[in-house]
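In the text below, chain A, chain B and the rest are named by the order of the sequence lines, each starting its count at 1.
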Amino acid sequence: MTNALIRLPRSVKKGEVFEVKTLIQHPMETGFRAGTNGTTIPRDIIEEMICTYNGVEIFRMKLSSAIAANPYVSFHTVATESGTLYFRWTGDNGFKVEETARITVA
Amino acid sequence: MDQALTRRRFLARSGAGAAGAALVSLMPFAPAEAAPDDLARAIKEVVGSARLNTGKVTLDIAPLVENGNTVPMKVMVESPMTAKDHVKAIHVFNEKNPQPYVLNATLGPRAGRAAIATHIKLRESQKIVAVAEFSDGTFWTAGADVIVTIAACVEDLLQ
Amino acid sequence: MKRLLGALLLLAAQASAEIPEAERRSGYHDMSPSVQAMQDDDMANPAMLWVLDGEKFWNQRQGAANESCADCHGEAARMAGVAARYPAFATDANAPVNLDQRINLCRTEQQKAPAFEYESRELLSLNALVSMQSREQQIAPPSDPRLLPFTQAGAEAFNRRQGQLNLSCAQCHEDNRGRKLAGATIPQAHPTGYPIYRLEWQSLGSLQRRLRNCLIGMRAEPYAYGAPEYVALELYLMKRAAGMPFEAPGVRP
């Protein structure tokens with residue numbers, strides 16, 4: 001199981017802009033490093049992260065091998081209504097992690 | 001790996017400025033490095049024939065970092081983020097990693113604020129460029145130079 | 001061990017220029033503000049991914065005893081203060097043990113399961129979870145007289161010149177603290193943040209792994225993980241840092 005952490009404010013007012021912070025476990029192996037036996041360690045990265053808010057895409061990021069291991073990404077969004085933020089990270093070797101977080105809009 | 005360590009120490013001793021160079025020469029791989037030309041080319045691919053304006057973008061990254069493996073970075077863009085006038089995307093490039101296009105974030109009016117943060121890798125001292133793509137088709141940019149020093153007493157790379 | 005004994009005889013009398021209490025500072029303060037910010041924000045500190053695992057492992061029933069850490073210890077929060085006073089003397093091992101070893105004793109003696117490997121994800125995660133409960137608490141080494149000879153051996157090892165560079169830990173961490181070494185500021189070597197997420201490792205690692213890096217840097221032979229020499233050094237480092245606030249899991253360059 002891959003670990004992912006998501007942080008949202010506990011509750012926000014309608015129309016308020018809030019920060020979404022995410023952290024996910026991943027080596028982000030560049031594909032340029034040599035392993036113990038001299039051969040190159042194959043590339044293994046997360047290529048894309050998306051976030052939807054009650055089904056509507058609000059953020060998408062393309063990552064490269066220049067993103068640090070255990071990628072941290074933060075972005076913002078406007079509180080429209082209470083509901084679910086859905087996150088999906090996809091990458092090399094069929095990597096796919098999905099996670100959701102609840103948001104309460106007062 | 002003792003050998004590498006000796007070399008690192010040796011280079012490191014010949015002056016603080018050599019520390020970055022030591023890191024590079026120690027990297028056990030030699031990919032084609034993204035030259036400044038590659039940086040310009042990568043930016044061009046995104047911007048096309050549009051003009052690249054300076055301003056509106058703030059790139060927040062430490063000028064001196066102790067370790068290039070995880071370098072915190074923030075990009076903030078001045079924009080009302082309305083349906084009519086917003087930032088569509090934020091692109092980040094660097095000069096000397098094997099590949100110059102670091103990330104591309106797609107935003108819209110629902111973002112409310114055009115500000116993102118992440119941690120990037122920097123193999124050595126170099127220039128970082130952030131480009132914001134606006135809904136009116138204009139592009140704005142900011143750059144920063146980052147000096148990467150190296151940690152002392154690092155572990156043997158290959159055990 | 002031969003080397004330790006030999007050096008003990010040679011240098012037992014050497015006094016160290018201990019850092020006065022008012023001047024003690026965590027390696028945290030030698031880091032750039034951006035790396036400090038990474039440690040301060042649990043969402044930006046990658047070590048928290050290990051803590052998350054630690055919570056999972058804490059609640060998993062394991063071994064022939066089919067018991068979880070939680071079955072015996074309750075909430076992880078009840079471990080508050082524990083990491084701030086380790087290594088401690090373990091009666092069940094009749095020796096000083098660090099936190100990793102204490103956890104492994106519970107694995108083998110209580111859960112009846114095989115010990116975790118040093119630096120394994122499981123052990124680091126559980127250590128991180130337990131250590132985090134002592135955040136903000138002061139480092140408080142036990143005043144157990146059984147520990148004294150070991151703490152003393154650690155103090156001697158800290159002050160003994162060793163390796164091909166003929167350096168002692170104290171020469172860097174006391175005499176040259178605050179100076180630059182290849183771009184890094186030499187910290188005072190306080191064990192306040194362990195386990196740490198080290199940017200160099202791109203991973204969480206133990207204090208022993210950090211010490212191993214310093215030994216390699218001194219061109220000295222590192223000990224095997226879990227060696228009594230490391231535990232002795234850990235004991236002395238904790239004594240040297242007594243009263244300092246614990247800040248695990250830390251971030252270091």
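- The contact between C/Ala44 and chain B is made by backbone and side chain atoms together, counting heavy-atom distances below 4.5 Å.
- Only the backbone of C/Asp30 has a heavy atom closer than 4.5 Å to any heavy atom of chain B.
- Checked by atom type and distance alone, the side chain of C/Asn104 pairs as donor or acceptor with a backbone atom of C/Phe116 at under 3.5 Å.
- Listed for the C/Gln208 side chain is no donor-acceptor partner under 3.5 Å among the backbone atoms of C/Tyr230.
- Within the 4.5 Å cutoff, side-chain heavy atoms of C/Pro114 are placed close to those of C/Arg107.
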Quiz item: After noting the C-alpha distance and the side-chain angles of B/Asp136 and B/Lys84, does the key distance pass the salt bridge (charged side-chain N to carboxylate O under 4.0 Å, His left out) rule?
Solution: CA-CA 8 Å; B/Asp136 64 0; B/Lys84 263 171 62 192; over 6 Å; no
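- Among C/Met31, C/Gln202, C/Lys180, the residue with the largest count of heavy-atom pairs under 4.5 Å with chain B is C/Gln202.
- Proximity to chain C (any heavy atom under 4.5 Å) is restricted, for B/Lys121, to the side chain, taken from C-beta onward.
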